[in-house]
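Below, all heavy atoms of this structure are taken into account, side chains as well, without hydrogens, waters or symmetry copies.
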Amino acid sequence: MDVVEFKPEREQYAWTFGGVEPVMRVAPGTALRLWTEDAFSGRLTSPHDLPSEHLDMSEVNPQTGPFYVEGAQPGDTLALHFVDLEPARDWGASATIPFFGALTGTDRTALLHDPLPERTWIYQLDRDRDVVVFEALRGEFRVDLPVAPMLGTVGVAPAGREVRTSIVPDTFGGNMDTPEMRAGATCFLGVNVEGALFSVGDGHYRQGEGESCGTAVEGAMNVTLIVELVKGGAPAWPRIEQDSHYVVVGSSRPLEDAWRASQVGMIDWLHELYGLDRLDAYQLLTQVSESPLANVVDANYSAVTKVAKRFLPPGEAFGGMHRYLREQAAAL
């Protein structure tokens, strides 16, 4: 297996999906060892750093990539298996940002009250205990939280020559912010343009479901992944396969439409896996699904539908690609 290492220079970050030239070409079967910057572009380093003074909102969620995958054509399926996600710094940052988050007024939820106050929290990473430390800005409260690394943003170039900002999730993936995108998972994305042009970024050292204030424990990440390609079979919405679950992420606004997209996406997957009639799949899904929120803070919201494999007969999603990539990962 070819192993390629890439750490972007600042001028090499991508800020959109689509409209960016690839940083390199990679063949299916290649392992990539990458470095990704945090969502704030490393600009929030202290509780005294206010987002309005330090952030450029046109330069958030810097992406490592895009990568051109040889042989990828529209209608194919890109498979990205995340072998390892390791915090690249000993601290992460979170913040409340004016008019951004689930519990404040925004440009799309227009209210008369002022935005919530700006605050920045710095979480120290204790690698020996595998925790990040929450410290209240007012008072003496502290609590250890288990590290749970994930990638908030994984996506390909959209169809139709669209260029979408790296803070938006949609059918192409993007800023889905789901904790399901963790080490050991395989993400399946429909290819829209020649070469797929995928990128990754927005590392989270941990995040609660829903990412309520709009920012997780944001941190730079060392990412090891394997790239593969399935000819044809492009899913309508991003799919994730884990050893224990099948997962579909839907993104839309309002939130119930994001949930509906993920539910229909899972019905389609059950149909493909087992030949189930769609209404039979709908009935089965009703009894076995889990529906955690991914985020409710972007231009689109993201919802997740999960089904535990223990409820289902053995399946061969995308020809057993997840199992194959798990075996390849063991070789690394």
Side-chain angles (χ1 to χ4, degrees), residues 17 74-80 102 108 152-160 162 164 168-181 185-192 196 198 209-211 230-242 244-322:
F17 290 92
D76 292 343
T77 302
L78 181 70
L80 300 175
R108 298 192 182 200
T153 309
V154 177
V156 295
E162 283 194 3
R164 304 292 296 278
V168 173
D170 211 313
T171 55
F172 58 87
N175 191 32
M176 298 175 284
D177 281 336
T178 172
E180 307 299 334
M181 201 76 72
T186 303
C187 178
F188 298 99
L189 297 165
V191 175
N192 301 304
F198 80 89
E209 302 288 0
E211 198 190 29
V230 179
K231 298 303 291 182
W237 291 96
R239 296 177 179 178
I240 300 169
E241 185 174 356
Q242 302 159 346
S244 59
H245 286 79
Y246 297 113
V247 180
V248 176
V249 186
S251 300
S252 190
R253 197 168 180 142
L255 181 58
E256 57 263 34
D257 280 354
W259 174 82
R260 289 180 179 119
S262 69
Q263 292 270 303
V264 171
M266 185 60 75
I267 288 169
D268 289 342
W269 206 356
L270 292 172
H271 169 73
E272 294 170 22
L273 283 168
Y274 304 110
L276 281 173
D277 173 84
R278 282 169 63 100
L279 287 181
D280 283 334
Y282 184 22
Q283 173 56 213
L284 176 62
L285 182 67
T286 302
Q287 313 310 334
V288 299
S289 66
E290 304 169 58
S291 297
L293 299 179
N295 80 71
V296 288
V297 292
D298 292 303
N300 279 336
Y301 302 149
S302 292
V304 169
T305 294
K306 299 174 59 176
V307 173
K309 290 180 177 179
R310 70 179 184 276
F311 294 127
L312 302 171
E316 288 289 310
F318 297 102
M321 180 59 76
H322 173 71

Between [X] and [Y] (side chain of the first, backbone of the second, donor and acceptor by atom type, cut-off under 3.5 Å), is there such a pair?
X	Y	answer
S252	A258	no
N300	P169	yes
D76	G232	yes
S289	T305	no
H245	V307	no
N295	M176	yes

Does some side-chain heavy atom of [Y] sit less than 4.5 Å from a side-chain heavy atom of [X]?
X	Y	value
Y274	L312	yes
V304	S262	no
R239	D268	yes

Residue from L189, V248, T178, D170 passing side chain to side chain contact (heavy atoms under 4.5 Å, CB included) with P238: L189

What distance separates [X] [atom1] from [Y] [atom2], expressed to the nearest 0.5 Å?
X	Y	atom1	atom2	value
C187	Q242	SG	CD	11.0 Å
E256	W259	CD	CH2	9.5 Å
K306	L285	NZ	CG	13.5 Å
D177	E209	CG	CD	11.0 Å
Y246	E180	OH	CD	15.0 Å
R164	T171	CZ	OG1	7.5 Å

F172 and F17 aromatic ring geometry - parallel, tilted or perpendicular at 30°/60° bounds: tilted

Minimum heavy-atom distance [X]-[Y], with the two atoms named:
X	Y	result
T77	P235	OG1-CD, 3.7 Å
L276	H271	O-ND1, 2.7 Å
V296	Y301	O-CE2, 3.1 Å
M181	I240	CE-CD1, 3.7 Å

Pair E241, T186: side-chain N/O donor-acceptor within cut-off below 3.5 Å: no

CZ (R253) with more than 12 external heavy atoms under 6.0 Å: yes

